[in-house]
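Source: prediction; values computed, not measured.
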Amino acid sequence: CVLKVIEDENYTPSLKRKYVIADMITGFGVAESIRHYFDIWGGNLSGKKVIVQGWGNVGSAAAFYLAQNGAKVVGIIDRVGGLINEQGYSFEEVTELFLNKNGNELVSTNLINYDTVNEKIWDLDADVFIPCAGSRMISEDQLRRMSSAGLSVISCGANVPFSDPEIFFGPIADKADESLSLIPDFIANCGMARVFAYLMGNDLDKLEDNLIFEDTSEIIYDALKATYNRNNKKTGIAKTAFEIALNQLIK
């Protein structure tokens, strides 16, 4: 059922191409976690500047939904190179980049080579960073540079995105959680797992796109709201969410 073709134009970059739930749902959840963060802690996603790491299913889909909600993608870094636009790419431009990708690779006539984009992207003026590439890639220096440039929110599209040896929460992740708003991976990228849970708990005749996507959105909202109810500060979010999750496991 995760291979259901998306028929609702609100959830796909193209009805002409056959994108399925599995292509989009994790990135959708990452984008929704950021939208809900601003709804709950205060602010507005529209106009926020975003840096995206990775242009596979998660990063490209998250960028698509963020741009759909008015955010401005100012930088993309992928293993083949990247793009920088300090004014932000429009929704139409982000959609085109999504449609033009080659598998999980970013494709553009304006592609900047990897070394150049890697040298510049961590110092961009941005509000939000979504690491959506491999695990354990974000260094302490990259975190420091993004924080110095004004970053305020990280939503983890990748599992364990910081280059810590610890399994769940090492010193770089701890520093991120203490200095800015860190939405942990088990909330931000839960989309696929949540779809399976939704399908197990509902009749299969309820396979409408909006019901599937909005269920994931509601679960992410509820998790962030529960975190806020225990800790309404904009720091320590990940630790608080871990505490709630561990208490639920122990019960």
Look at [X] together with [Y] and state whether they make a salt bridge at an N to O cut-off of under 4.0 Å.
X: E178; Y: K175; value: no
X: R194; Y: D215; value: yes
X: K239; Y: D177; value: yes
X: D222; Y: K225; value: no

Would the number of heavy atoms belonging to other residues, nucleotides or ligands and lying under 6.0 Å from CD of E86 be above 12?
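Result for CD/E86: open.
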Would you find more than 12 non-hydrogen atoms of other residues, nucleotides or ligands less than 6.0 Å from E96 atom CD?
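Not more than 12 within 6.0 Å, no.
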Just by distance, do the side chain of [X] and the backbone of [Y] share a donor-acceptor pair under 3.5 Å?
X: R79; Y: Y114; value: no
X: N232; Y: Y228; value: no
X: H36; Y: I220; value: no
X: Q68; Y: N10; value: yes
X: D125; Y: G150; value: no

Between L211 and F213, is there shared hydrophobic-cluster membership here, with clusters defined by ILVMFWY side-chain heavy atoms closer than 4.5 Å?
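Yes, L211 and F213 fall within the same hydrophobic cluster.
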Are V128 and M137 in one and the same hydrophobic cluster, where Ile, Leu, Val, Met, Phe, Trp and Tyr link if side-chain heavy atoms are under 4.5 Å apart?
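Different hydrophobic clusters.
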Among side-chain atoms of [X] and [Y], is any donor-acceptor pair under 3.5 angstrom?
X: D115; Y: N113; answer: no
X: K234; Y: S181; answer: no
X: N159; Y: N189; answer: yes
X: T240; Y: T227; answer: no

Please test I34 against N69 for side chain to side chain contact (heavy atoms under 4.5 Å, CB included), starting from the C-alpha separation and ending with a verdict.
CA-CA 11 Å; I34 299 166; N69 281 281; over 6 Å; no
Side chain to side chain contact (heavy atoms under 4.5 Å, CB included) between L124 and I51, intermediate numbers included:
CA-CA 8 Å; L124 286 181; I51 296 172; 4.1 Å; yes
With side chain to side chain contact (heavy atoms under 4.5 Å, CB included) as the criterion, how do I237 and Y37 come out once you've worked through the C-alpha distance, each side chain's angles and the decisive distance to 0.1 Å?
CA-CA 10 Å; I237 292 173; Y37 164 82; 3.8 Å; yes
Using the side chain to side chain contact (heavy atoms under 4.5 Å, CB included) rule, take W55 and C132 through it: C-alpha gap first, then chi angles, then the decisive distance, then the call.
CA-CA 8 Å; W55 202 245; C132 301; over 6 Å; no
Quick check on the 6.0 Å ring-centre criterion: do Y65 and Y11 meet it?
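Aromatic pair excluded; centres sit 6.0 Å or further apart.
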Centroid-centroid distance, F64 to Y19, less than 6.0 Å:
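No, ring centres 6.0 Å or more apart.
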Listing request: all ring-ring contact (aromatic ring centres under 6.0 Å, His included) pairs with a residue in residues 117-138, at least two apart in sequence or in separate chains.
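As it turns out, the ring-ring contact (aromatic ring centres under 6.0 Å, His included) pairs with a partner in residues 117-138, which skip direct neighbours, are W122-F129.
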Show your working on ring pair (Phe, Tyr, Trp, His ring centres under 6.0 Å) between F162 and F169 and close with a plain yes or no.
CA-CA 9 Å; F162 301 100; F169 208 79; 8.3 Å; no
Which residues satisfy the ring-ring contact (aromatic ring centres under 6.0 Å, His included) test with F38, sequence neighbours excluded?
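For F38, no residue satisfies ring-ring contact (aromatic ring centres under 6.0 Å, His included) once neighbours in sequence are set aside.
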Any chance you could measure N231, atom CG, to I244, atom CD1, to the nearest 0.5 Å?
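The distance works out to 9.0 Å.
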Evaluate the side chain to side chain donor-acceptor pair (under 3.5 Å) criterion for residues S33 and S155: first the C-alpha distance (whole Å), next the side-chain angles of each, then the deciding distance (0.1 Å), finally the verdict.
CA-CA 7 Å; S33 75; S155 182; 2.7 Å; yes
